[in-house]
Amino acid sequence: MALPNQSAKRNTTEIWQDVNAEPYIQIDGITKSYDEVTPLRDISLSVYKGEFFSLLGRSGCGKTTLLRILAGFEKPTSGKILIDGVDVTNWPAYKRPVNMMFQTYALFPHMTVYQNIAFGLKQDGLGKSAIADRVKEALNLVQLSGYEDRRPDQLSGGQRQRVALARTLAKRPKLILLDEPLAALDKRLREETQFELVNIQEKVGITFILVTHDQEEAMTMSTRMAVMDEGKIRQVGVPHDIYEFPNSKYVAEFIGSINLFEGIVVEQELDHVLIESPEIDCLCYAAYTGAIPVGSNVTFAIRPEKMMVSTLKPAYPRNWTQGVIKEIAYLGDISIYYVQLASGKIVMATLPNLLRLSERNFKWDDTVYLFWRSENSLVLTS
């Protein structure tokens with residue numbers, strides 16, 4: 001019998017926008033306290049069937065504590081957990097329809113690949129024939145057929161990671177929890193494995209929740225993600241929206257690189273604001289539909305890749321500034337230019353390397369103009 005093929009995330013509509021859709025995993029008011037420390041503070045979150053959902057945040061933000069509560073390894077101080085409509089808050093880990101893949105993979109070194117994958121199935125009381133079928137299915141999914149008789153020390157890091165995933169899939173849980181599963185892999189293998197995990201998740205349709213501090217990993221793999229900080233959720237959304245439309249200064253700074261400027265609103269209309277900033281010595285015309293009173297102090301942000309660079313002075317009076325190139329970071333496909341403005345502020349601009357280093361227009365100590373489009377100015381009010 002094949003693994004259940006639920007709706008794959010790349011082929012479904014955005015189910016979380018459907019007002020009639022029922023959450024598959026419901027985290028309701030979860031708080032966790034240890035004496036004077038409270039790593040989770042009133043967390044509420046809905047995850048839908050077939051999602052690849054990521055919890056993203058710095059070390060100590062509470063993401064792993066939340067994962068352990070979902071797994072049943074820890075109990076919340078208050079709140080409840082529902083899986084497929086069933087309250088499992090007080091269920092022990094072994095009774096929950098949940099499997100967890102650990103960062104260290106936790107394979108038994110004295111067992112073969114087959115025995116490692118079969119171990120949990122034997123604990124569940126499955127017969128030999130059913131176990132053999134499930135192990136074969138799982139190994140096919142992770143492309144490790146033929147490795148049944150090898151031991152963990154005979155495998156590469158990427159292969160051990162796939163064996164751990166196969167063991168998790170073989171149990172056919174309703175929810176798979178991934179705790180920094182790619183952290184031990186080198187950069188290239190990690191990037192390849194990200195897409196492998198996404199493809200496997202699409203095939204089986206099981207709901208995945210990933211914990212990671214790696215922004216690129218979360219952006220690449222997730223249907224949606226939650227940015228966490230100090231035991232709270234700062235923002236939930238699809239990766240594109242969180243990157244392009246952060247709801248706060250914290251999220252804007254945490255996700256990717258960004259230039260932040262302080263200013264004062266001098267004009268407010270239905271579709272834009274005009275901001276005066278001494279840091280850039282110009283007026284910034286920013287697309288914005290919210291309500292901000294004139295005279296308000298605001299932060300506005302511009303991503304480095306949205307900054308355009310020229311040696312020619314722009315003809316229009318807004319959304320540009322002048323500076324001197326102080327540093328150039330060459331990263332192969334792109335270069336980051338660090339430009340010092342008259343105020344002393346350093347601004348980043350990222351440009352693709354379409355020309356070789358010796359052929360480029362911009363060099364150290366060149367005076368350049370930075371300019372940007374109004375829709376690329378993010379106005380942050382919190």
Side-chain angles (χ1 to χ4, degrees), residues 41 56-58 61 215 218-219 224-310 313-326 336-351 368-382:
R41 304 168 187 272
L56 176 66
R58 296 187 175 97
C61 71
Q215 301 168 28
M219 298 281 285
R224 289 188 304 147
M225 52 199 280
V227 179
M228 294 185 65
D229 175 47
E230 296 183 342
K232 296 181 181 180
I233 292 177
R234 291 281 193 153
Q235 186 172 356
V236 177
V238 298
H240 171 270
D241 286 349
I242 287 182
Y243 184 82
E244 297 288 352
F245 308 106
N247 66 359
S248 66
K249 184 177 177 180
Y250 176 84
V251 175
E253 287 186 294
F254 183 71
I255 301 292
S257 299
I258 202 157
N259 298 299
L260 296 174
F261 306 95
E262 303 300 323
I264 298 173
V265 175
V266 295
E267 180 180 292
Q268 200 272 329
E269 298 293 342
L270 291 176
D271 61 349
H272 76 274
V273 291
L274 198 61
I275 302 169
E276 186 177 68
S277 173
E279 291 183 308
I280 56 174
D281 193 27
C282 81
L283 291 172
C284 177
Y285 184 95
Y288 189 75
T289 56
I292 306 178
V294 171
S296 298
N297 292 312
V298 294
T299 300
F300 65 98
I302 306 165
R303 296 285 183 190
E305 69 273 14
K306 306 293 174 66
M307 281 280 191
M308 291 168 275
V309 186
S310 176
K313 182 178 179 179
Y316 39 87
R318 299 168 180 168
N319 289 20
W320 65 266
T321 188
Q322 184 182 29
V324 176
I325 295 176
K326 290 298 183 181
I336 303 174
Y337 294 84
Y338 294 85
V339 180
Q340 186 173 39
L341 308 184
S343 64
K345 188 175 182 67
I346 301 293
V347 176
M348 291 183 292
T350 303
L351 299 179
V368 294
Y369 295 91
L370 303 175
F371 56 102
W372 58 92
R373 298 165 62 92
S374 61
E375 59 267 29
N376 291 330
S377 299
L378 304 171
V379 181
L380 306 172
T381 56
S382 63

Next item on the list: Given side chain to side chain contact (heavy atoms under 4.5 Å, CB included), test Ile242 with Leu56 step by step and report yes or no.
Entry: CA-CA 12 Å; Ile242 287 182; Leu56 176 66; over 6 Å; no
Next item on the list: Could you tell me which non-hydrogen atom of Glu262 sits nearest to which non-hydrogen atom of Pro278, and how far apart they are?
Entry: O-CD, 4.3 Å
Note to self: A side-chain contact here means heavy atoms from C-beta on lying under 4.5 Å apart; do Leu274 and Arg318 qualify?
What the structure shows: yes
Notebook entry, point to check: How far does CD of Gln340 sit from CD1 of Ile346, to the nearest 0.5 angstrom?
Noted result: 4.0 Å
Check: Under a 4.5 Å cut-off applied to non-hydrogen side-chain atoms, are Tyr338 and Met348 in contact?
Finding: yes
Check: Do Trp320 and Ser310 have side chains that get closer than 4.5 Å, going by heavy atoms?
Finding: no
Check: How far apart are the closest heavy atoms of Ile258 and Ile302, and which atoms are they?
Finding: CG1-O, 3.8 Å
Notebook entry, point to check: For the atom pair CG (Leu341) and CG (Leu370), what is the distance rounded to the nearest 0.5 Å?
Noted result: 6.5 Å
Margin query: I need the minimum non-hydrogen distance between Ala286 and Ser377, along with the two atoms involved.
Written below: CB-CB, 3.6 Å
Note to self: If I take atom CD1 from residue Ile292 and atom CG from residue Asn297, how far apart are they, to the nearest 0.5 angstrom?
What the structure shows: 11.0 Å
Note to self: Any non-hydrogen side-chain atom of Asn319 less than 4.5 Å from a side-chain atom of Cys282?
What the structure shows: no
Margin query: Once you measure the plane-to-plane angle for Phe245 and His240, does it fall in the parallel (<30°), tilted (30-60°) or perpendicular (>60°) bin?
Written below: perpendicular
Notebook entry, point to check: Can you tell me if CD on Gln268 sees more than 12 non-hydrogen neighbours from other groups inside 6.0 Å?
Noted result: yes
Next item on the list: Spell out, as yes or no, whether a donor-acceptor pair under 3.5 Å connects the side chain of Thr321 to the backbone of Ile280.
Entry: yes
Next item on the list: Would you check if Pro246 and Leu378 make a side-chain contact, meaning some heavy-atom pair closer than 4.5 Å?
Entry: yes
Next item on the list: Can you see which heavy atom on Arg303 is nearest to which on Tyr243, and at what distance?
Entry: NH2-O, 2.9 Å
Check: More than 12 heavy atoms of other residues, nucleotides or ligands under 6.0 Å from CD of Glu276: is that the case?
Finding: no
Check: Rounded to the nearest 0.5 Å, how far apart are CD1 of Ile264 and OG of Ser296?
Finding: 9.5 Å
Checklist line | Val236 versus Ala226, closest heavy-atom pair with distance | finding: CG2-CB, 3.9 Å
Margin query: With side chain to side chain donor-acceptor pair (under 3.5 Å) as the rule and sequence neighbours excluded, what pairs involving residues 278-291 come up?
Written below: His272-Tyr285
Checklist line | SB check Glu244 Lys306 (cutoff 4.0 Å) | finding: yes
Next item on the list: Write down the atom of Ala252, the atom of Leu380, and the distance for their closest heavy-atom approach.
Entry: CB-CD1, 3.8 Å
Margin query: Working to the nearest 0.5 angstrom, can you tell me the gap between Asn376 CG and Glu305 CD?
Written below: 8.5 Å
Checklist line | Residues Glu375, Arg373: salt bridge by 4.0 Å N-O rule | finding: yes
Notebook entry, point to check: Out of curiosity, Arg58 CZ to Asp229 CG, how far, rounded to the nearest 0.5 Å?
Noted result: 7.0 Å
Check: Can you tell if the side chain of Phe254 reaches within under 4.5 Å of the side chain of Arg234, non-hydrogen atoms only?
Finding: no
